[in-house]
Amino acid sequence: ERNQADVSEAKAGRTDLIFLIRFRHCCLLRNQRCLLAYLYDRLLRIRALRWEYGSVLPNTIQFHMSAEEVEWFNRYKKSLATYMRSVGGEEGLDLTQDIKPPKSLYIEVRCLKDHGEFEVDDGTTILLKKNSQHFLPRWKCEQLIRQGVLEHVLS
């Protein structure tokens with residue numbers, strides 16, 4: 001507002017204000033660039049949360065996000081789900097699985113907290129109780145490992 005007022009005065013003939021107007025304008029542009037860089041970094045971090053935690057964010061993380069960021073996360077989640085359904089045949093392709101190439105298809109996991117029943121591909125259900133150990137397909141339990149429910153037991 002001060003810049004606009006000074007611009008109207010400069011148009012009226014006060015040329016000594018031109019340098020001040022330019023300085024303020026450069027400061028505004030710098031602040032705008034800094035804000036955009038900050039917002040873009042937040043956006044990249046929120047996008048990475050989808051790949052790390054899956055489609056449901058923990059409340060502790062969601063608490064630190066604004067309503068617009070939560071909305072953007074939900075739109076990104078839906079867009080990613082639509083894309084994954086469109087590739088890979090009838091069932092789609094889950095791109096969030098196997099972020100690192102697996103060494104074996106089955107892994108031994110230990111349950112860190114009570115989670116309840118967990119269904120495997122063949123239809124059997126396994127009760128995931130705290131401190132219980134299971135031998136499960138990697139791709140079925142990788143999401144739970146990222147969420148902190150299971151822990152990969154290294155032999």
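Both backbone and side-chain heavy atoms feed into the values below; hydrogens, waters and symmetry mates do not.
Under the salt bridge (Lys or Arg N to Asp or Glu O under 4.0 Å) criterion, R47 pairs with no residue, sequence neighbours left out. Listed by chain and number, the residues in a salt bridge (Lys or Arg N to Asp or Glu O under 4.0 Å) with R2 amount to none (sequence neighbours excluded). Scored by the side chain to side chain contact (heavy atoms under 4.5 Å, CB included) test, S8 finds no partners at all (sequence neighbours excluded). A search for salt bridge (Lys or Arg N to Asp or Glu O under 4.0 Å) contacts involving E9 returns R14, not counting sequence neighbours. Judged as a side chain to side chain contact (heavy atoms under 4.5 Å, CB included), and not counting sequence neighbours, the contacts of R85 are A81, T82. For Q133, the side chain to side chain contact (heavy atoms under 4.5 Å, CB included) test picks out E108, R110, V153, with sequence neighbours left out. With sequence neighbours excluded, the residues forming a side chain to side chain contact (heavy atoms under 4.5 Å, CB included) with K129 are D114, L127, S132, listed by chain and number. When the ring-ring contact (aromatic ring centres under 6.0 Å, His included) test is applied to F23, no partner is found at least two apart in sequence or on another chain. A search for salt bridge (Lys or Arg N to Asp or Glu O under 4.0 Å) contacts involving R42 returns E69, not counting sequence neighbours.
The line from CD of Q62 to CG of L49 is 10.5 Å long, rounded to the nearest 0.5 Å. Distance OG/S79 to CE/M84: 10.0 Å, rounded to 0.5 Å. Put simply, CD1 on I61 and CZ on R45 are 12.0 Å apart, with the number rounded to the nearest 0.5 Å. How far NZ of K77 is from CZ of R50: 8.0 Å, rounded to the nearest 0.5 Å.
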Kindly list each side-chain donor-acceptor pair under 3.5 angstrom involving residues 24-40, sequence neighbours excluded, with atom names and distances?
unit_1	atom_1	unit_2	atom_2	d
R24	NH1	N3	OD1	3.4
R24	NH1	D6	OD2	2.6
R24	NH2	D6	OD2	3.4

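At least one side-chain heavy atom of M65 sits less than 4.5 Å from a side-chain heavy atom of I46. Residues R138 and H152 meet the side-chain proximity criterion, which asks for heavy atoms closer than 4.5 Å.
Taking hydrophobic clusters as Ile, Leu, Val, Met, Phe, Trp and Tyr residues chained together by side-chain heavy-atom distances below 4.5 Å, Y53 shares a cluster with L43.
Sorted by first and then second residue, the ring pair (Phe, Tyr, Trp, His ring centres under 6.0 Å) pairs involving residues 54-81 (not counting sequence neighbours) are W72-Y76.
The other members of the hydrophobic cluster of L136, by chain and number, are I107, V109, F118, V120, I126, L128, L144, I145, V149, L150 (side-chain heavy atoms under 4.5 Å, ILVMFWY only).
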